[in-house]
Amino acid sequence: VAVVTGGSRGIGAATVSALRAAGATVIAVARPPFGDTPSGDVGIHRVGADVTEWSAVRDALGGAIERTGPVDILVNAAGIAGVRAPIWELDVEQMQSSIAVNLLAAFYTMKVVLPVMADRSQGVVVNIVSGAAHRPRAGRAMYGTAKSALEHLTQVAAAEVTEAGVRVYAFHPGQVDTELYRASRRSGAGLRELEAAQRSGELQQPVEPAAAIAFLASDDAVDVTDVVVPWRDRAYRDSLRSRADFIDRIESSR
Ligand SMILES: NC(=O)c1ccc[n+]([C@@H]2O[C@H](COP(=O)([O-])OP(=O)(O)OC[C@H]3O[C@@H](n4cnc5c(N)ncnc54)[C@H](OP(=O)(O)O)[C@@H]3O)[C@@H](O)[C@H]2O)c1
């Protein structure tokens, strides 16, 4: 059983498909009205919840888990890029919303699933972080600050549950062609960055990081013991992709 937040589009939606193809029952979460339309697949439960609200996350996951049984895999893919502006031009509400979606949501979902995973001595958590966490550039307070804290939170979670047999990863996807990625790259320097990523082959489609996340969630990846997974680095991507168990898994899910 897998829970994927941000399951309505982008990397999250592709991860829902990849995990489903690998045989998981998937609880996909995004804001209402996402849960109102059935997925058309009995193995994919759509749940409408705003992950910035603790009570919504607790109740939505609790209700879904009653139907599916305990969670083996948690992927926190919900995220917002927010606006790029100096600190003094950011509204308080804008900064709060970034911290809520990009950081607190993962705290809420882990608060629900980690104790059960630790009790059962099994489980994998993948929190999607960002290279922005390591690039403190002007105008990027909203996104980078939250992602930097998410990476820290993920490392703390790993320190708390690794001995219990639960694997926790902070996954750096690299540049992925999604709504979030395009939103800040419609003109100027952003658009030039997008075009350069297309030219160099660095701009991935969501299925690519999703395949890696499904691999990390599998038993084949028990030897991946680093908490921070730099999929964004081409050399790392190539090394993971060249593993026979990675290729087998991806081929069999096609
Ligand atoms: N794309 C990239 O290049 C890139 C690079 C580094 C890191 N990332 C990270 O990868 C993750 C996925 O991003 P993406 O590029 O796939 O973005 P995306 O296509 O914009 O998808 C974002 C997802 O988050 C959901 N979401 C946003 N706010 C929510 C809320 N309050 N409650 C519930 N769900 C919410 C959205 O669903 P609804 O709007 O339907 O609620 C959507 O499913 C994010 O954490 C992002 O920061 C992406």
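Note that ligands are numbered from 1 as they come in the structure, with each ligand's atoms numbered from 1 the same way. Residue numbers start at 1 and run along the sequence shown.
Side-chain atoms of Arg135 and Lys147, non-hydrogen and from C-beta on, never get closer than 4.5 Å to each other. Residues Val125 and Val161 form no side-chain contact, since every pair of their non-hydrogen atoms from C-beta on lies 4.5 Å or further apart.
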Requested in this report: Could you go through the side-chain hydrogen bond (donor to acceptor under 3.5 Å, both in side chains) check for Ser55 and Asp59 one step at a time?
Outcome: CA-CA 6 Å; Ser55 57; Asp59 296 349; 5.2 Å; no
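Cation-pi contact between Arg167 and Tyr169: absent, since separation from the ring centre below 6.0 Å together with deviation from the ring axis within 45° is not met.
Annotation: side-chain hydrogen bond (donor to acceptor under 3.5 Å, both in side chains) contacts of Thr52 (sequence neighbours excluded): Asp50.
Scanning Ser8, Gly79, Ser184, Ser98 for the heavy atom closest to atom 22 (C) of ligand 1 points to Gly79. Scanning Ala77, Gly174, Ala28, Ser130 for the heavy atom closest to atom 4 (C) of ligand 1 points to Gly174. For atom 48 (C) of ligand 1, the nearest non-hydrogen atom from the set Val129, Ile11, Val176 comes from Ile11.
Counting protein heavy atoms only, atom 45 (O) of ligand 1 is closest to Lys147 NZ, 2.8 Å. Ranking the protein heavy atoms by distance from atom 26 (N) of ligand 1 puts Ala78 CB, 4.0 Å first. Looking from atom 6 (C) of ligand 1 to the surrounding protein, the closest heavy atom is Pro173 CG, 3.4 Å.
In terms of N/O distances under 3.5 Å, ligand 1 is approached by Tyr143. Of the N or O atoms in Gly6, one or more lie within a sub-3.5 Å distance of an N or O in ligand 1.
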